[in-house]
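The block underneath contains the structure these notes are about, expressed in structure tokens.
All chains are named by letter (A, B, ...) in the order of the sequence lines, taking the proteins before the strands, and each is independently numbered beginning at 1.
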Protein chains: 2
Amino acid sequence: MPQLTNRQMKAQQTKQRILVTALSLFSQKGYDNVTVDEIVSTSGASKGAFYGHFNSKYEIFLEKFKEIDNFYIHIEEELKNISTAEEKIVQLALRQMDYLKEELGDELMRTLYINALTPDAHNFLADRNRSLYVIIEQILKEGQTSGELDPAFNSNEITLIISRCMRGTLFDSFIFTEKIDLDKEIEQMLRLIFSGLKMSHQ
Amino acid sequence: MPQLTNRQMKAQQTKQRILVTALSLFSQKGYDNVTVDEIVSTSGASKGAFYGHFNSKYEIFLEKFKEIDNFYIHIEEELKNISTAEEKIVQLALRQMDYLKEELGDELMRTLYINALTPDAHNFLADRNRSLYVIIEQILKEGQTSGELDPAFNSNEITLIISRCMRGTLFDSFIFTEKIDLDKEIEQMLRLIFSGLKMSHQ
DNA sequence: TTTTGAAATAGACTTTAGTCTATAAAAAGT
DNA sequence: ACTTTTTATAGACTAAAGTCTATTTCAAAA
């Protein structure tokens with residue numbers, strides 16, 4: 001790490017102050033009910049400082065999300081005793097959902113999805129190197145080796161499809177007004193992908 | 001239809017003028033590059049008139065989308081000669097994608113998805129009575145009757161899952177910067193859902 | 001026909017994210 | 001030590017969606 005000058009240290013403090021204040025306000029009042037002006041005045045900073053450190057109001061909350069990706073550090077360990085790939089992926093998905101719900105809550109998740117759709121914004125969901133992808137693909141490959149899953153599939157493509165259908169489920173949970181039981185829906189969807197719709201011709 | 005007074009007719013004309021102008025501007029310059037002020041001045045109306053007739057800038061474009069749902073009127077006829085449910089659904093999905101791409105284009109589709117995520121907005125995608133759902137479920141049921149598909153599934157639930165995974169694919173096509181071949185991805189995803197990942201134990 | 005009421009519209013105003021410019025103060029160069 | 005450059009910040013300004021109020025004008029009641 002490079003030696004920071006006094007100035008840079010102060011700047012980092014300002015950034016941190018803004019970040020902490022903002023996240024606290026978000027969780028108190030909800031993302032949409034917090035204005036940048038409010039963040040700035042509460043944290044004793046200025047617009048200039050804010051936009052010097054963050055490119056947008058949305059980006060500030062990406063910081064939180066980065067931190068959340070730490071979730072995946074532990075998860076691999078926890079999945080070790082599960083025997084089938086299907087079960088592993090179902091468990092991975094369910095735990096992830098719970099974690100996100102708890103850490104971010106509904107409204108911030110929705111915000112994340114909205115902003116993923118706005119062009120140019122740093123896009124977290126679309127980062128193919130996300131731990132999520134790495135883990136899913138790993139599990140799939142193991143399943144193929146063990147004979148559980150059809151080795152004809154390209155594990156990379158399937159990884160993308162699975163995560164995509166998970167995004168679809170999240171998306172639906174936001175757009176349907178009837179509250180959706182996310183756990184149930186995710187599991188149902190995954191089981192379907194593993195078993196298929198067709199009659200098994202045994 | 002009720003007899004319209006002179007006034008109401010004029011109001012309808014104003015609404016129509018705004019609508020036509022707006023849609024034309026949208027397709028010329030893109031939704032995000034058209035302001036309400038511009039729509040209003042171009043169409044010779046006023047903000048008051050605009051918001052008297054539409055609740056938001058987004059809503060004006062929902063009008064277009066309603067019209068687009070006419071697509072489904074013809075599609076059933078076209079799918080008649082296809083023999084399997086799997087093929088029918090793949091074809092339905094592909095044609096729908098083509099139609100949407102042609103009629104709306106990428107940017108408006110993205111706008112639709114963004115706005116579906118904003119609370120309160122009239123939400124088109126989440127209308128369970130959409131022709132899309134009706135048609136998919138119909139095809140699934142036929143497939144179950146014919147013995148092609150496992151009758152144990154609840155066709156209603158599967159309909160939702162399939163459409164949801166389609167939304168996930170669309171969503172991904174918006175968030176990934178690498179251009180995605182939507183047709184290929186949709187087809188791949190659907191085939192997966194039909195066949196399943198597991199080795200078929202025949 | 002006159003009056004009253006309601007509905008359509010005009011356009012000023014508000015809100016809020018984001019930009020731009022000026023300034024101050026620290027770092028780097030001499 | 002003094003000058004120059006860089007950089008963090010302050011805060012005025014812009015852009016654009018949406019709100020609110022006033023006004024007009026038509027329709028219905030008297």
Exercise. State whether the number of non-hydrogen atoms from other residues, nucleotides or ligands found under 6.0 Å of B/Glu102 atom CD is greater than 12.
Key: no
Self-check item: Position toward the 5' end of DNA chain D (nearest nucleotide), A/Lys10 or B/Phe50
Solution: A/Lys10
Quiz prompt | Distance, rounded to the nearest Å, where A/Tyr51 contributes OH and D/dT9 contributes P | solution = 16 Å
Exercise. Return the nearest nucleotide to the side chain of A/Gln8; candidates are D/dA27, D/dA8, C/dG11.
Key: D/dA8
Quiz item: Rounded to the Å, how far apart are A/Leu4 CG and D/dT7 P?
Solution: 14 Å
Quiz item: Within this structure, what is the NZ-to-P distance between A/Lys47 and C/dA22, rounded to whole angstrom?
Solution: 19 Å
Practice problem: Classify the ring geometry between B/Phe65 and B/Phe61 as parallel (under 30°), tilted (30 to 60°) or perpendicular (over 60°). | Solution: perpendicular
Quiz item: Got a sec: does the NZ of A/Lys10 have more than 12 other heavy atoms crowding it under 6.0 Å?
Solution: no
Quiz item: Base, sugar-phosphate, or nothing: which does B/Val34 touch, judged by heavy atoms less than 4.0 Å apart?
Solution: sugar-phosphate
Quiz item: How do A/Ala49 and B/Tyr31 order along DNA chain D: which one's closest nucleotide is nearer the 5' end?
Solution: A/Ala49
Self-check item: cation_pi(A/Lys15, A/Phe54) dist<6.0 Å, angle<=45
Solution: yes
Quiz prompt | Spacing of A/Asn55 atom CG relative to C/dG18 atom P, expressed in whole Å | solution = 10 Å
Quiz item: With distance as the sole criterion, do the side chain of B/Lys57 and the base of D/dG18 form a donor-acceptor contact below 3.5 Å?
Solution: no
Exercise. Examine C/dT9: is either OP1 or OP2 under 4.0 Å from a nitrogen or oxygen in the side chain of B/Thr14? Give yes or no.
Key: yes
Quiz prompt | Any N/O donor-acceptor pair, B/Arg7 side-chain to C/dA8 base, under 3.5 Å | solution = no
